[in-house]
2 protein chains.
Amino acid sequence: MNSFTEENYLKAIYKFSLTTKKGVSTNTIAKKLNTKASSVTDMLKKLATKNLINYKKYYGVTLTSKGEQIALSVIRNHRLWEVFLVEKLNFKWDEVHDLAEELEHIKSEKLINNLDAFLNFPTNDPHGDPIPNKNGKIKNLKMINMSELKANEEGIFVYVKDSSDKFLKYLSKNKLEIGERIKILEIEPFDNSFKIAYNNQQLILSESIAKNIYIQS
Amino acid sequence: MNSFTEENYLKAIYKFSLTTKKGVSTNTIAKKLNTKASSVTDMLKKLATKNLINYKKYYGVTLTSKGEQIALSVIRNHRLWEVFLVEKLNFKWDEVHDLAEELEHIKSEKLINNLDAFLNFPTNDPHGDPIPNKNGKIKNLKMINMSELKANEEGIFVYVKDSSDKFLKYLSKNKLEIGERIKILEIEPFDNSFKIAYNNQQLILSESIAKNIYIQS
DNA sequence: TAAAATATTTAGACTAATCTAAAAATTACA
DNA sequence: TGTAATTTTTAGATTAGTCTAAATATTTTA
Ligand SMILES: [Mn+2]
Ligand SMILES: [Mn+2]
Ligand SMILES: [Mn+2]
Ligand SMILES: [Mn+2]
């Protein structure tokens, strides 16, 4: 059995692995988990002896398939609990992450599979992230960043890159939600801001906001 | 904030307090929590400095009102999660205790109050134990042990004293469930066994089984 | 390509929760 | 009521996860 802490390390490594081909560095993990590099080194040694990561001193780490499987299962738990909190317990999408961070570590196949069924096998969490199935398979949406769209193009809002409270609250305030069909009305060349239309309203998004929004392609 | 471990100690002390007027002894707690008396002593000192228990060396402990409040909140969490698992996720009543033992330690007022509402404010868990409300108030059922009933008396089966897997499975096998109306047909004076009728069937219960069953009075 | 800057690891220490073994206090009962 | 049995506490270790400070390796850059 793996501790909460070990699972959090594996999850962090998994997420960084998605965006690098090289190993994930000690410092990267330390920053993400709000801990010190020396603590990370200690944990990496431990995870390596458990065959959950490939660790070569000074050169960062990758997950073994055993490690990846655990990371995916924790992510599955996290995202299913987020769906539960939003859909059944009336939480807002910007309130669920920290609770899911605790619930994800409760280890019971039956619990999570029954929860999955109870929720009707959702494919994405409230922020648009895909939910791995019970075999760890993730169905990746094909999506592109909104900033790559041109005037008059449109698509479904499917994912937020930055899912911090602040950003999610901004979206909620403007009733801009995942699943909404968005049309680009015009792009201001001066500051790359986007004027969009959705659900009978219009809104101007700064470039940095547009870059946090992904559209199904 | 209190650790899982501290909460488990408080809960254990609370439960023993219900059946003794004296302080709860070190050994009693050690047995319940599968640990050693010396470990218990250490923890009692710690809980005492946090003002959660009244501790006088060699004379056992009682909860302070602060400690009792925490114990009741953990118990509330435990029992509400058990209801959730049975009613929403199709668990059997003999499968939920260990999972609830983990879920009970997730500390969020909003989570538990919303769960309570989602479950329609249940008053009892799947084993008949009362669920404290959000202020820690427990509505105690007035109930008596089945062995105190006489022939031809009847009532509703509301609580099991022994909620071990073994006993719960025995009851399930005989379709004898909480909420069932039970009538005592006769009591065999030789071995104090009970012949009962419920839900169109009859069953003979040994004295020790009868003693584990409580009936609403 | 050799400093300088940066990243990583090692060494040694700390805390929470646990343990075993031994000492001390309480309680049981002859 | 004094000794034996039992219970509880103390003393000293251990383990997981963390930290700071120092040492070492890698990377950058002049
Ligand atoms: Mn999340
Ligand atoms: Mn977590
Ligand atoms: Mn239980
Ligand atoms: Mn517990």
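Naming: A, B, ... by sequence-line order, numbering from 1 per chain.
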In whole angstroms, how far is the C1' atom of D:dT18 from the CD atom of A:Glu6?
14 Å
My understanding is that only one of B:Asn133, B:Asn113, B:Asn135, B:Asp125 makes a side chain to side chain donor-acceptor pair (under 3.5 Å) with B:Arg76; could you say which?
B:Asn113
Please collect all ring pair (Phe, Tyr, Trp, His ring centres under 6.0 Å) contacts where either partner lies in residues 96-117 of chain A, sequence neighbours excluded, each pair once.
A:Phe4-A:His105, A:His78-A:His97
Would you indicate whether A:Lys161, at its atom NZ, is surrounded by more than 12 heavy atoms from other residues, nucleotides or ligands within a distance under 6.0 Å?
no
Is B:Tyr9 touching bases, backbone alone, or none of the nucleic acid, heavy atoms closer than 4.0 Å?
sugar-phosphate
Whether B:Thr35 contacts C:dC19 is assessed here as follows: a side-chain N or O lying under 4.0 Å from the phosphate OP1 or OP2. Is that the case?
yes
Looking just at side-chain N and O atoms, do A:Ser193 and A:Asp191 make a donor-acceptor pair shorter than 3.5 Å?
yes
Among D:dT18, C:dT8, C:dC19, find the nucleotide with the atom closest to the side chain of A:Ser25.
C:dT8
Determine: side-chain N/O of A:Asn27 to OP1/OP2 of C:dT6, distance under 4.0 Å, yes or no.
no
Enumerate the protein-to-nucleotides 9-14 of chain C contacts in which both atoms are nitrogen or oxygen and the separation is below 3.5 Å.
from	atom 1	to	atom 2	distance (Å)
C:dT9	OP1	A:Tyr55	OH	2.4
C:dT9	OP1	A:Tyr58	N	2.9
C:dT9	OP2	A:Thr26	OG1	3.0
C:dT9	OP2	A:Thr41	OG1	2.8
C:dT9	OP2	A:Tyr55	OH	3.4
C:dT10	OP1	A:Lys57	NZ	2.5
C:dT10	OP2	A:Lys45	NZ	2.5

Value in whole Å for how far the C1' atom of D:dA13 lies from NZ of B:Lys36:
15 Å
Separation of B:Leu47 atom CG from C:dT18 atom P, in whole Å?
11 Å
Give a yes or no on whether a salt bridge exists between A:Glu7 and A:Lys11, defined as a side-chain N under 4.0 angstrom from a carboxylate O.
no
Nearest non-hydrogen partners of B:Gly128 and B:Tyr159, listed with the distance:
C-CD1, 3.9 Å
